[in-house]
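Data block below; observations after.
Please read all numbers here as calculations on a predicted model, not as lab measurements. Here is the naming used below: chain letters follow the sequence lines, and residue numbers restart at 1 for every chain.
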2 protein chains.
Amino acid sequence: MAASCRFAFALHVLAVLAMHPGTGVTSKLLGASVNTHPVVIRRLISALRKAGFVCCASGAKGGATLCRPPEEISLDAIYQAIQPARAFAAHPQQPDAGCPVGRQIKTVLADVFSTAEQALHESLAQRTLADVVATMSEEVPSPLRTRPPRRAVRA
Amino acid sequence: MAASCRFAFALHVLAVLAMHPGTGVTSKLLGASVNTHPVVIRRLISALRKAGFVCCASGAKGGATLCRPPEEISLDAIYQAIQPARAFAAHPQQPDAGCPVGRQIKTVLADVFSTAEQALHESLAQRTLADVVATMSEEVPSPLRTRPPRRAVRA
DNA sequence: CGGATGTGTAACCGCGACAGTTACCGTCGT
DNA sequence: ACGACGGTAACTGTCGCGGTTACACATCCG
């Protein structure tokens with residue numbers, strides 16, 4: 001399947017932004033935290049910007065900022081903003097229409113694929129970015145935490 | 001994500017085998033129905049054989065045969081037999097341990113990923129190969145039908 | 001104003017996965 | 001023995017991705 005790490009990067013970036021509300025975070029800093037090239041971060045942020053999750057400021061003192069409350073950003077919304085392709089792929093060429101399976105397999109596959117993908121989306125939709133941030137604050141009560149932890153809304 | 005069509009091919013092949021119980025079906029025939037090269041079919045069948053779903057006969061009059069009842073083969077079992085990689089991928093490089101997100105993101109991601117993958121597997125596990133074959137038999141019962149009432153809605 | 005600091009995006013490279021293909025060997029029925 | 005068939009290795013072309021460089025544009029500050 002050759003899964004990409006876009007979703008992992010996106011969650012990482014958004015979690016950092018959620019922890020620095022109001023202040024713009026540069027792609028250089030984000031790239032250092034994720035351990036990748038700043039341009040990779042900017043490409044990712046470009047998709048997140050189109051989805052309306054972040055806003056960016058150009059020029060010096062610029063950077064990305066979360067422009068929606070983390071509670072309103074579900075992991076499914078992030079996934080759909082990031083992933084360009086479907087989770088499943090059908091036949092690249094048309095199957096043999098002379099075979100009963102070849103005639104009907106596409107319809108059956110479409111049903112199976114959409115059902116499975118919906119299950120995937122529903123699972124991701126049950127958590128928000130705020131949950132992710134809260135989980136990290138819980139697990140390591142480090143002195144870096146300045147604000148009191150938000151209510152944990154784990155299901 | 002760059003999904004492969006292995007799963008689609010596997011369902012197609014197993015459906016054909018389920019419709020020809022007992023008789024061996026050659027990779028040449030299966031390749032013609034799927035519209036791909038016989039070696040691609042044989043590679044796929046190699047994985048299905050290791051999973052115990054099909055047996056193959058060598059030599060002349062050889063071919064693949066379903067060696068378990070279709071009711072006992074869930075789509076999830078097929079998926080797991082075919083797919084070599086995970087549906088999600090984590091950071092390829094270690095994130096920055098100096099950042100609180102970088103330290104903990106992997107744990108959170110592992111939880112999110114496993115939950116979503118489990119939802120995917122449970123969705124696929126709810127259908128068996130027999131269901132797929134039955135669906136196809138229903139939708140086109142005989143050439144007496146004038147026109148199929150339903151059409152594929154996916155573009 | 002002009003340089004420093006950012007973003008935005010295009011272009012390219014290298015890598016890995018995949019489908020497709022060829023080739024060769026082993027196996028089995030006629 | 002011969003031909004049909006599976007099993008598998010090896011190679012090719014393509015595609016998507018992460019990584020990188022380069023450049024245009026925007027913004028702040030001295």
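Exactly one of B:V54, B:V34, B:I78 qualifies for a side-chain contact (heavy atoms from CB on, under 4.5 Å) with B:V13. That residue is B:V34. Of the options B:L44, B:I82, B:I45, a side-chain contact (heavy atoms from CB on, under 4.5 Å) to B:F9 is made by B:L44 and by none of the others.
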Please assess B:E122 against B:Q126 for the test side chain to side chain donor-acceptor pair (under 3.5 Å), listing each intermediate value before the final yes or no.
CA-CA 6 Å; B:E122 284 172 1; B:Q126 285 176 1; over 6 Å; no
Determine whether A:R127 and B:T115 satisfy the following criterion, side chain to side chain donor-acceptor pair (under 3.5 Å), listing intermediate values before the conclusion.
CA-CA 11 Å; A:R127 289 197 218 189; B:T115 304; 3.2 Å; yes
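Note on A:A64: nothing from the nucleic acid sits closer than 4.0 angstrom, heavy atoms only. Using a 4.0 Å heavy-atom distance criterion, A:G63 is classed as a sugar-phosphate-only contact.
Near DNA chain D, meaning a heavy atom under 4.0 Å away, the residues from residues 42-50 of chain B are B:R42, B:R43, B:S46, B:R49.
In this entry the distance linking NE2 of B:H37 with P of D:dC11 reads 17 Å, nearest Å. Nucleotide C:dA4 holds its C1' atom 12 Å from the NZ atom of A:K28, rounded to whole Å. The separation between A:F7 atom CZ and D:dG16 atom P is 21 Å, rounded to whole Å. Whole-Å rounding puts the A:L30 CG to C:dT5 P distance at 18 Å. The separation between A:K61 atom NZ and D:dC29 atom C1' is 10 Å, rounded to whole Å. If you take CG of B:L29 and P of D:dA4, they are 14 Å apart, rounded to a whole angstrom. Atom pair B:F9:CZ and C:dA19:C1' shows a separation of 8 Å (rounding to whole Å applied).
Across D:dG6, D:dG18, C:dT7, the shortest atom-to-atom separation from the side chain of B:C56 is found for D:dG6. The side chain of B:R6 lies closest to C:dC18, out of C:dC18, C:dT7, D:dG18. Among the nucleotides C:dT22, C:dG29, D:dG6, the one closest to any side-chain atom of B:V39 is C:dT22.
Of the two residues contacting DNA chain D, namely B:A57 and A:N35, the nearest-nucleotide position lying further toward the 5' end is that of B:A57. Each of A:A60 and B:G59 lies near DNA chain C, and the nucleotide nearest A:A60 is the one positioned closer to the 5' end.
In this structure the side chain of A:L66 reaches within 4.5 angstrom of the side chain of A:L129, judged on heavy atoms. Here the side chains of B:F113 and B:V108 are not in contact, with every heavy-atom distance at 4.5 Å or above.
For B:S27, a side-chain nitrogen or oxygen approaches OP1 or OP2 of D:dG6 to under 4.0 Å. The side chain of A:Q93 contributes no N or O atom lying less than 4.0 Å from OP1 or OP2 of C:dA19.
Using a 4.0 Å cut-off between a side-chain N of Lys or Arg and a carboxylate O of Asp or Glu, A:D111 and A:K106 do not qualify as a salt bridge.
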